[in-house]
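In listed order, ligands and their atoms are each counted from 1.
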Amino acid sequence: MVNVYHDKDADLSILEKETIAVIGYGNQGRAQALNMRDSGLKVIVGNIKDESFNRALEDGFEAYPISEAAEKGTILFILLPDEVQKKVFETEISHHLKPGKAIVFAHGYNIHYGFIQPPSFVDVILLAPRMVGKFVRELFTRGSGAPVFLSVQNNASGKAKEKTLALAKAIGAARVGAMEISFAEETELDHFSEHFIAPVISRALILSFEVLCEMGYTPEAVLLELYASGELSEVAKAMATDGIVAQLPFHSRTSQYGQLIYAERVMPDSEKEFIRQIVREIQEGTFAREWQLEQYSGFPVFKKLLDKAFAHPINEAERKLKEKVSINIR
Ligand code: NDP
């Protein structure tokens, strides 16, 4: 049975004497810092001196270089890009850790694969929003929140769980539900979404665009039909709120029949073996090692893939469509 916690399970008073240092004022850092401050916590920011640093100052935070924030803070939120966390942790954060302090991650990656090995005398916490930072903030300001996966990897203080629940409440997650799973499960599920679900969607759309254009359909019309109208994202929203099957009646009966009759043809049960293979690669750390190597060698493959993606004709078709049709679904 999975444990899911809500506001009633958390007591913010356990954080009264804590100074939260949000290290990395980017997508997640800004959203979580603002939410925690609005929840009454003492929050400071640590960032490199760049636009994000200035934004933290403009937002009214005390902002410091990372090392100084790590020294001043008692609960350190490590909200840096995953691939830079190890280096920054080792050079600017680890020597400021003391018994009683806690470190909080928004993704289990560096702990799960062992790239960061914190000392045993600090609490190690996971609070991983299932939402991009922008909406972690927007949902909070609307009185709601984004759900999180939470976990305690190390309970040095003896109060790590209580602190974790209070932090989940402070960022707004416990308003909707904070689900307790392990660092390993969070990391592996997150990577599965990124290695299978997201590519299935984007590859299906790009290949469809190529084929339909080759077969004489109008590129702008193809885009509008496939995803650019926003219908696809509305359907995805309905899947989240109503259910994959429960949202079917929102479509015409012709559409429902077409979707159901083609589903198994498009992706037969035999594809499960491929899905298992992707999960195994994640579990065995194949991807994590490949990504580490990529970083050490200056991102050669990543750069090539990005160049290829941005050179695809779909980008030009999207630009042309935007000149003619203004979509505003945000
Ligand atoms: P960002 O890419 O937004 O970066 C966070 C901050 O780190 C920025 O201020 C950035 O500065 C700074 N930074 C970049 N490079 C360095 C460096 N070499 N040294 C020091 N600081 C640096 O991170 P995210 O918010 O996207 O991700 C933070 C964590 O949250 C990650 O663990 C991620 O997996 C997790 N997460 C992210 C989600 C999201 O919404 N993106 C969703 C759920 C979890 P600058 O602005 O100048 O680049």
Side-chain angles (χ1 to χ4, degrees), residues 20-36 43-59 61 63-70 73 75-94 96 103-113 115-116 118 124-140 145-151 153 167-168 171-173 176 178-179 181 183-195 197-198 282 287-288 291-292 294-296 298-299 302 306:
I20 316 290
V22 170
I23 312 282
Y25 200 69
N27 292 313
Q28 285 296 329
R30 179 168 192 262
Q32 296 193 30
L34 290 169
N35 291 2
M36 287 192 280
V43 182
I44 61 170
V45 169
N47 207 85
I48 46 176
K49 288 260 171 89
D50 64 357
E51 275 178 28
S52 305
F53 185 93
N54 294 335
R55 195 162 191 206
L57 292 175
E58 282 161 23
D59 287 339
F61 287 105
Y64 302 95
I66 290 175
S67 176
E68 214 176 319
I75 297 182
L76 313 182
F77 274 64
I78 314 294
L79 298 180
L80 300 161
D82 296 302
E83 68 277 11
V84 310
Q85 285 184 10
K86 177 181 164 62
K87 188 167 173 225
V88 176
F89 183 83
E90 287 170 356
T91 55
E92 303 193 53
I93 297 176
S94 62
H96 293 302
I103 48 175
V104 182
F105 294 85
H107 183 23
Y109 180 80
N110 280 296
I111 294 291
H112 175 49
Y113 290 114
F115 299 131
I116 291 179
V124 181
I125 291 167
L126 178 72
L127 262 188
R130 308 329 293 160
M131 190 65 69
V132 294
K134 178 177 156 57
F135 295 112
V136 168
R137 179 60 182 161
E138 269 188 38
L139 287 165
F140 182 93
V148 287
F149 286 142
L150 66 77
S151 189
Q153 170 92 356
L167 292 167
I171 63 171
V176 288
M179 184 179 289
I181 61 172
F183 271 63
E185 197 172 2
E186 186 277 336
T187 306
E188 292 169 8
L189 287 178
D190 184 79
H191 283 199
F192 180 76
S193 289
E194 291 162 1
H195 299 185
I197 303 297
I282 295 167
F287 171 80
W291 182 223
Q292 277 291 100
E294 185 61 12
Q295 291 158 45
Y296 290 140
F299 302 102
F302 186 37
L306 278 177

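Remark: Lys86 fails to qualify as a cation-pi partner of Phe89 under the 6.0 Å distance and 45° angle criteria applied to the six-membered ring.
Partners of Gln153 by side-chain contact (heavy atoms from CB on, under 4.5 Å), not counting sequence neighbours, listed by chain and number: Ile111, Val124, Phe183.
Distances below 4.0 Å separate heavy atoms of Val132 from the following atoms of ligand 1: 40 (O). Short contacts between ligand 1 and Met131, defined as distances under 4.0 Å to a heavy atom of the residue, involve ligand atoms 40 (O), 42 (C). Taking every heavy atom of Pro129 and a limit of under 4.0 angstrom, the matching atoms of ligand 1 come to 43 (C). Atoms of ligand 1 lying under 4.0 Å from at least one heavy atom of Asp82, given by number and element, are 31 (C), 32 (O), 33 (C), 34 (O).
Of the protein's non-hydrogen atoms, Pro81 CD, 4.1 Å is the one closest to atom 12 (C) of ligand 1. Residue, atom and distance of the protein heavy atom nearest to atom 36 (N) of ligand 1 are Gln28 CG, 3.7 Å. When only non-hydrogen protein atoms are considered, atom 48 (O) of ligand 1 lies nearest to Asp50 OD2, 4.5 Å. The single protein non-hydrogen atom nearest to atom 17 (C) of ligand 1 is Val84 CG2, 3.9 Å, given as residue, atom name and distance. The protein non-hydrogen atom at the shortest distance from atom 21 (N) of ligand 1 is Leu80 CD2, 3.5 Å.
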Show the numbers, then the answer: is there a ring pair (Phe, Tyr, Trp, His ring centres under 6.0 Å) between His112 and His107? CA-CA 9 Å; His112 175 49; His107 183 23; 9.5 Å; no
